[in-house]
Amino acid sequence: MSFIKNVNKYLIERYPTIWNTKIVWMLSISLLVHVLFFIIGYVSHSNPLSLQNSRVFEDYYSSGMIMVHIIISLLMLVGWMVLLFKNNAFKNFYPTSNLKLFGQFVSYIVIIFASITFYFSYMLGFQLYIKNAYPDDQLIKDVAIINKAYPFLSLDYQEYKLSKRAYPKQFKELFCETDHNEIDYNKKYFKLKDDIFQFNTTYLVKITERDEYREFKYPAKEYKNSTPLAYKYINADTCYYYFKKEVVDVSPFVKTTALTYYNFSKVFYELSFEDIAYYDRYNAYSSNYPYAAIEASVYDYEDVSKNYEFNKQLAEILDRKNPEEFKKIMNDFLEVSEKYKIKHNLDTDKWFRMVYHPDGFEVKRFINTNETGDSELYPPQPPIIDSVTVATATTYDTIAEPAVKGQPNTDDAAAIAAAQNAAEQVATVVATKYKEDTNYNYYQKNLSKSYYQINNLKDLLNSVELMKNSNVFDNVIHFYLWIAFALATLLFSFRVTNLRAVIFTGVTIGVLSLTIGLCVLLYTMGVSVDEEYFAGYLVLFVATLILLLPILAIKTLPKLLGAILMNISINGFVLYVFLILGIISMHQNDACYDIHYNYNANCTTILEFLDLNTSYLLFALGLLFMLCYTVIIKKWRAQPE
């Protein structure tokens, strides 16, 4: 206790503002709590099982730590305010300068911010643990082992079809047509049960022009000649149309059309060592997306090239037909799985017997993705329907919708009846198509009792990479920063005025809000034109009046009225600036729409241009305003009661 008394005596004699705000003791306590949260964050995910979910970044909120955080913050802030209110030097006419008064406000922000930001310490501890427990060099080795063994898990029969092949380079450069209605049956094609494959060369047409609906125009020459479209890709202001040119016979490179490991070309996971999001980068393409090199994007080209290299390396392993090599790949994979605590019931010998069929390496057995035996890849009733069925269902929905919402048009009665009949056929097709899918039947008949929870492995790798490379302060810091600023302005208002003025300020804000709302409502009911502009400019006019009155006439205003206007200005200046930016953006949006509609131009509003920098800009302006406004506060305080 003597130490605390000595420090307080030293501060009150030399730094009264620091002593008055209790910032030294509050930051000391906050530091201890931050250290505690850092330790908790460091040990929170020491078990790999805790990383096997796709929302690991939100564990702080879902685990209950946020409640502990809130309770500790409330106790600290309430205790601090009790001590703070014991001595109000400003109210007792203690000599103070503008800088000292502004310093008190900044001290409030620092104290509140330090008392509510334990989340960052927790996440920094969590991140440090991940970096230490999963170093980059070891993670690279583990991912390489996983990718090498992944094709042999035989989880998804779709990935072993001929359309997925990327090696030799002929398969990489050609487009594989799988639509029965688009196949040229007079030329070479391949068949597997219900599937059909035909390989085509393509040529590219780039289009930048748009129609009146802002859709990219279809190439006129190809439209006139009815040239079949292979696929299209949109990048920025250009649409890349790829049209089929001619059919290529790839028979010399196809030993079998059955499901085989030679066709597998999907890389399971690739470390980016950059900020990543919660999505599967390698499942971004549709099932029949071509392996052709896409000029529209360097990323796509690199991805296709990696699939080609992966498929090539896999083919080389299969061609060697070395049983020991297969067993080593599987054993290494299972060791990594044990380290990461991924649930499975595989062992090397059983797995090897399922995979090793050197005569073509056809896929004979499949593995579940779930311990229950129900694979997550295939729900009980997958909607396997063809394009004609989809078109019919869509047509029925479009025609029948008005009949559901209101009185049907009698002119469309026949069309509705026909569409309802078609809908019944859709239901029949959906029910029977599933049973007739011979590939799926083959998968079900050869589905083993073995399982491997591959999604848990994907989630763990995503979680590790996300924590290693993400900035824990990004975006979230704005939330805590503005909480600290708002509480500091409210507290500062009470400190420089009094409780009566603060209460009347709240009442005044409520009355003004109600009055403005009624004015906007009456305007909307009477004029009903540009309501957003009316509301925006009305609020701007009232706010400007409130802001200017204390600056121009603080000495002539009644003291209570001056306190109310001053408190509204202190707490609302940042919102005032944001309102101005919002009105500017509204004008820019309208002007942009006119230009965009007439000339297909793209525009950016001031808020879109500033983006998250708007937050920092407003915060800096808020501090600058408070520094300048201390002059008004002292003038108001000097007025007689």
Side-chain angles (χ1 to χ4, degrees), residues 30-66 68-69 72 113-114 116-150 267-282 299 302-303 306 332-344 453-481 612:
S30 297
L31 178 61
L32 293 177
V33 180
H34 276 283
V35 171
L36 175 63
F37 272 75
F38 180 87
I39 295 172
I40 295 174
Y42 191 86
V43 302
S44 61
H45 291 77
S46 55
N47 188 341
L49 289 175
S50 63
L51 297 172
Q52 296 176 21
N53 70 82
S54 60
R55 298 290 179 181
V56 69
F57 215 78
E58 301 172 4
D59 282 354
Y60 185 80
Y61 303 99
S62 61
S63 65
M65 280 302 299
I66 185 63
V68 178
H69 174 163
I72 293 176
F113 186 79
I116 64 174
T117 52
F118 305 128
Y119 166 83
F120 297 123
S121 297
Y122 176 92
M123 295 302 290
L124 286 173
F126 182 11
Q127 189 175 59
L128 182 62
Y129 169 77
I130 293 296
K131 290 181 178 179
N132 291 338
Y134 303 90
D136 289 348
D137 55 348
Q138 186 59 50
L139 194 62
I140 291 173
K141 293 179 182 178
D142 290 345
V143 170
I145 291 171
I146 292 169
N147 283 333
K148 200 171 186 178
Y150 178 58
V267 180
F268 174 71
Y269 197 88
E270 182 186 0
L271 292 167
S272 64
F273 293 107
E274 297 175 355
D275 289 350
I276 60 176
Y278 293 111
Y279 67 91
D280 186 356
R281 292 188 297 268
Y282 302 107
Y299 172 81
E302 291 176 349
D303 189 60
K306 288 167 186 173
D332 291 345
F333 175 79
L334 294 179
E335 288 181 356
V336 172
S337 301
E338 291 299 324
K339 181 172 68 173
Y340 292 155
K341 295 187 178 181
I342 307 298
K343 289 185 179 181
H344 66 88
Q453 294 187 342
I454 193 67
N455 291 332
N456 288 7
L457 179 60
K458 173 66 72 67
D459 288 339
L460 184 142
L461 294 175
N462 266 325
S463 299
V464 169
E465 192 174 7
L466 180 69
M467 288 307 305
K468 285 171 70 72
N469 305 311
S470 294
N471 182 355
V472 298
F473 297 98
D474 195 23
N475 298 332
V476 183
I477 193 172
H478 300 279
F479 173 74
Y480 291 103
L481 198 63
L612 287 177

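Just so it is clear, the model here is predicted, and its values are computed rather than measured.
Take Lys343 and apply the salt bridge (charged side-chain N to carboxylate O under 4.0 Å, His left out) test, not counting sequence neighbours, and it matches no residue. When the salt bridge (charged side-chain N to carboxylate O under 4.0 Å, His left out) test is applied to Asp59, no partner is found at least two apart in sequence or on another chain. Tyr480 meets the ring pair (Phe, Tyr, Trp, His ring centres under 6.0 Å) test with Phe120; sequence neighbours excluded. Not counting sequence neighbours, the partners of Asp332 by the salt bridge (charged side-chain N to carboxylate O under 4.0 Å, His left out) test are Lys328. When the ring pair (Phe, Tyr, Trp, His ring centres under 6.0 Å) test is applied to Phe126, the partners found at least two apart in sequence or on another chain are His45. For Ile40, the side chain to side chain contact (heavy atoms under 4.5 Å, CB included) criterion is met by Leu36, Met65, Tyr122, not counting sequence neighbours.
Heavy atoms only, all atoms of each residue included: Met467 and Gln127 are closest at O-NE2, 2.8 Å. The heavy-atom pair separating Lys468 from Lys131 by the smallest distance is O-CE, 3.4 Å. Contact record, Val464 with Ile130: O-CG2, 3.7 Å, taken as the closest heavy-atom pair. Between Tyr60 and Phe118, the closest heavy-atom pair is OH-C, 4.0 Å. Closest non-hydrogen pair, Tyr340 versus Ile146, comes out as CE1-CD1, 4.5 Å. Of all heavy-atom pairs between His34 and Ala114, the closest is NE2-O, 2.9 Å.
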Could you go through Phe473 and Leu124, starting from their C-alpha distance and side-chain angles, then the distance that decides it, and tell me whether this counts as side chain to side chain contact (heavy atoms under 4.5 Å, CB included)?
CA-CA 9 Å; Phe473 297 98; Leu124 286 173; 3.9 Å; yes
Would Val267 and Tyr150 count as a side chain to side chain contact (heavy atoms under 4.5 Å, CB included) here? Give the steps.
CA-CA 8 Å; Val267 180; Tyr150 178 58; over 6 Å; no
Take Lys458 and Gln453 through the test side chain to side chain contact (heavy atoms under 4.5 Å, CB included) and record every step on the way to the result.
CA-CA 9 Å; Lys458 173 66 72 67; Gln453 294 187 342; over 6 Å; no
Taking it one step at a time, do His344 and Leu334 satisfy side chain to side chain contact (heavy atoms under 4.5 Å, CB included)?
CA-CA 9 Å; His344 66 88; Leu334 294 179; 3.7 Å; yes
Please determine whether side chain to side chain donor-acceptor pair (under 3.5 Å) holds for the pair Tyr134 and Asp142, giving the CA-CA distance in whole Å, both sets of side-chain angles, and the decisive distance to 0.1 Å.
CA-CA 10 Å; Tyr134 303 90; Asp142 290 345; over 6 Å; no
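Side-chain polar atoms of Asn462 and Tyr269 form a donor-acceptor pair below 3.5 angstrom.
A donor-acceptor pair is defined here as one N or O able to donate and one able to accept, closer than 3.5 Å; no such pair exists between the side chain of Gln138 and the backbone of Ala133. Although no hydrogens or angles enter the test, the distance criterion places a donor-acceptor pair under 3.5 Å between the side chain of Ser463 and the main chain of Asn53.
In summary, of the residues considered (Asp459, Asn456, Asn455), a side-chain contact (heavy atoms from CB on, under 4.5 Å) with Ser54 occurs for Asp459 alone.
Here the NZ atom belonging to Lys339 is positioned 7.5 Å from the CD1 atom belonging to Ile145, to the nearest 0.5 angstrom. Distance check, rounded to the nearest 0.5 Å: CG of Leu139 to NZ of Lys141 gives 11.5 Å.
Checked against the 6.0 Å centroid threshold, His69 and Tyr119 do not count as a close aromatic pair.
Geometric assessment of Lys148 against the ring of Phe333 yields a negative cation-pi assignment under the 6.0 Å and 45° thresholds.
Within a 6.0 Å sphere centred on CZ of Phe479, other residues, nucleotides and ligands contribute 12 heavy atoms or fewer.
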